[in-house]
Protein chains: 2
Amino acid sequence: MNLPLHERIRQDFETRILSGALAPGARLPTEQVLMADYDCARMTVNKALTALATAGLVDRRKKAGTFVARPRVHAMAMDIPDIGAQVAERGQAYRFDLGLRRELTGGQARLEWKVDRAVPLLELEGVHFADGTPFAWEHRFVNVAAVPEISAADFTGSSPGTWLLEHVPWTEADAHITAAGASAVEARALAVEPGEPCLCVARKTWRGSEPITYVRQLFVAGAYELTAHFGPGARREG
Amino acid sequence: MNLPLHERIRQDFETRILSGALAPGARLPTEQVLMADYDCARMTVNKALTALATAGLVDRRKKAGTFVARPRVHAMAMDIPDIGAQVAERGQAYRFDLGLRRELTGGQARLEWKVDRAVPLLELEGVHFADGTPFAWEHRFVNVAAVPEISAADFTGSSPGTWLLEHVPWTEADAHITAAGASAVEARALAVEPGEPCLCVARKTWRGSEPITYVRQLFVAGAYELTAHFGPGARREG
DNA sequence: TTCGCTATTTTGTCTATACATTAAATGAGG
DNA sequence: CCTCATTTAATGTATAGACAAAATAGCGAA
C-alpha cells in the first residue's frame, strides 16, 4: 500500500478533519512548514492541499493560510438515473407505452414551461412499466427546434428520456420534487386509486441557453425513490 | 477575464464534452500534443486533465490515453435547507412542537437505522409549524454517545435538526426521498386525512465513521418541495 | 495459433525554482 | 484615534526536467 506522497498528506489531514481533531476554523500549517514536515517540495504539499480545497474540506486564503471549512453544506448530490436502466438493473423487464404524441407550439402549451409562443413543441405522454406493472406516468414537452431528429424517433418500447439522454447531452437542469395525489387520468394510467400518493419530479433541461425539454413524472409511492448523498468516499450501506 | 492557463484548458474540454462535440468514449489528445497546442509545460496540461478526471468527466489510463467518460447517472445538487430558516425566509412564524422524547438503546430501536445494539439513543418525535399550521412531522433517533450534549438540549420551540446543525457538523449523509400516505398518527399530528399524500425524506448522517442521527420527515404535499439543480451558473427562472 | 516476454507510449509523481497575486499586518501622517 | 499607503507572508501559477508505473502493442518461441 505505497500511496503517493501527496495522497498520504491529503489523507492525513482528511482524517484529522473528519475525526474532529482539526475543528472547523482551525488553521493548517503553511506549505513551508509542511514541506519541512514531510521533507518534500512545495508542489507536492500544494497538490494535497488543493485537493482538500476542491473537495470543500478546507478554505485557502492568500496571506492568511489554510483553514478547516465550516460545513455550511446545504447541498447534496442527488442521483438522476435513467428510468429504463434502473429497472433493468433490478432484473425487471422495462417497457414504455406512449399514450399521446402531438405537435404544437409554445403558445398552445400549458403554463408549466415558459417558452416562446413560436417555439415548435412535441408533446408526449406515456407510462413506464416494470415487469408489466405500471409504476410511473410522464408528461413531456420537447423543443423540436433544438432537437429536430426527435421527429423521426420511435418511442414504442423505449422512453423519450432515454432517447434524449443518448441524443442530446444537457448542460443545465432544474428539478422540483414534491408529493401529489394521482389525478383521475393519472390514476387510471397507473392502475391505482385517484388521490393515491405519488412522488412527483418536474424537471427542465437546457443545452446552453436553449431549452430542451420539460417533463413531469409521477411515480407510484413505494415503487420508486430518489437517493442523495453528501460526503467523501463511496456510498455506505445500512 | 484572464483565467489561468490550466483553467482555460480545463474549460475548453469541459465545454466540448458537455456540448457533445466530444462524445463519450472519444479520446483526448495526449499531454504531449496539448503542451504543443497550448505552448505550455506538461504540468499545466496535466493539472487541467487531472481536474477533469477528478470531476468524473474523463477517464485516464496509462499508455492508452484520456477518454471522455460515459455518464452512468447524472448527479444534481439538491438543496437541503434548514426547515426553520426556510419558513422564516418566507416571512412565516416557525414553531416546533416536541411530542415524544425517550432514551433507549440500539437494540430497542426500529429497523430503519442499523446501529449497534448497545448504542445509547435519544428518540424524538415532533411537528413543524408555519404560522400555526402543521406542515411537517419528524421522527428522529440521535446517537447520544456521539453527541452527549444533546441530553441537556431543550427542543420546545426550536427543532432538533437546527440544534444538531449548529452543534454537530456532519461530514457524510444519505437521503432517500419517496412519497407516502400519512399514517393515522401522522395524519392526526398534521391535521390531514389519513392516506393524504406526503413527501417523505429519510436521512442518515455521520461524522467520519460515527453515526450521528437518523431522521424521517413527512411533509404535507403542496406545503413543501425540494429543488435540485445541475449546471454552471446561477439558478434560472421559469 | 497462442503464450509470454519485451519495448514503447502515455500517464503519474516529484523536484527545485521563479514570479504573480492577494490580503493581512504594519507604519506613517493627519 | 483613524486613514491610507507600504510591506510582507501566504497561496496561485507556471516551468523544465527526471524517473516511476502501467498497459498496450509487437515480436518471438513453443
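Chain letters run A, B, ... following the sequence lines, proteins first and then strands; every chain starts at 1.
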Any side-chain N or O of [X] less than 4.0 Å from the OP1 or OP2 oxygen of [N]?
{"X": "A/Lys47", "N": "C/dT13", "result": "yes"}
{"X": "A/Lys63", "N": "D/dT8", "result": "no"}
{"X": "B/Arg61", "N": "D/dA23", "result": "no"}
{"X": "A/Thr44", "N": "C/dT13", "result": "no"}
{"X": "B/Arg42", "N": "D/dA14", "result": "no"}
{"X": "B/Thr66", "N": "C/dT10", "result": "no"}
{"X": "A/Arg60", "N": "D/dG12", "result": "yes"}

*Would you mind telling me which residue lines up with the more 5' stretch of DNA chain C, A/Cys40 or A/Ala64, judged by nearest nucleotide?*
A/Cys40
Roughly how many Å is it from [atom1] in [X] to [atom2] in [N], rounded to a whole number?
{"X": "B/Glu31", "N": "C/dG12", "atom1": "CD", "atom2": "P", "result": "7 Å"}
{"X": "A/Asp39", "N": "C/dC14", "atom1": "CG", "atom2": "C1'", "result": "12 Å"}
{"X": "A/Leu3", "N": "D/dA21", "atom1": "CG", "atom2": "P", "result": "13 Å"}
{"X": "B/Asp59", "N": "C/dT10", "atom1": "CG", "atom2": "C1'", "result": "15 Å"}

*asked:* Does B/Leu49 reach a base, just sugar-phosphate, or nothing at all? Heavy atoms under 4.0 Å.
replied: nothing
*Indicate, with a heavy-atom threshold strictly under 4.0 Å, whether A/Arg8 touches base, sugar-phosphate, or nothing.*
nothing
*What nucleotide among C/dT13, D/dA14, D/dA21 has an atom nearest to a side-chain atom of B/Lys62?*
D/dA21
_Side chain of A/Asn46, heavy atoms from C-beta onward: which of C/dA16, D/dA10, D/dG12 has the nearest atom to it?_
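Selected nucleotide: D/dG12.
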*Name the orientation class of the two ring planes belonging to B/Trp163 and B/Phe155 (parallel below 30°, tilted from 30 to 60°, perpendicular beyond 60°).*
perpendicular
*Check whether any side-chain N or O of B/Arg27 sits under 3.5 Å from a backbone N or O of B/Ala64 as a donor-acceptor pair, and report yes or no.*
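Yes, the answer is positive, given that a donor and an acceptor are paired below the 3.5 Å cut-off.
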*Keeping the roles fixed (side chain from B/Asn143, backbone from B/Thr213), state whether a donor-acceptor pair exists under 3.5 Å.*
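Not confirmed, B/Asn143 side chain does not pair with B/Thr213 backbone.
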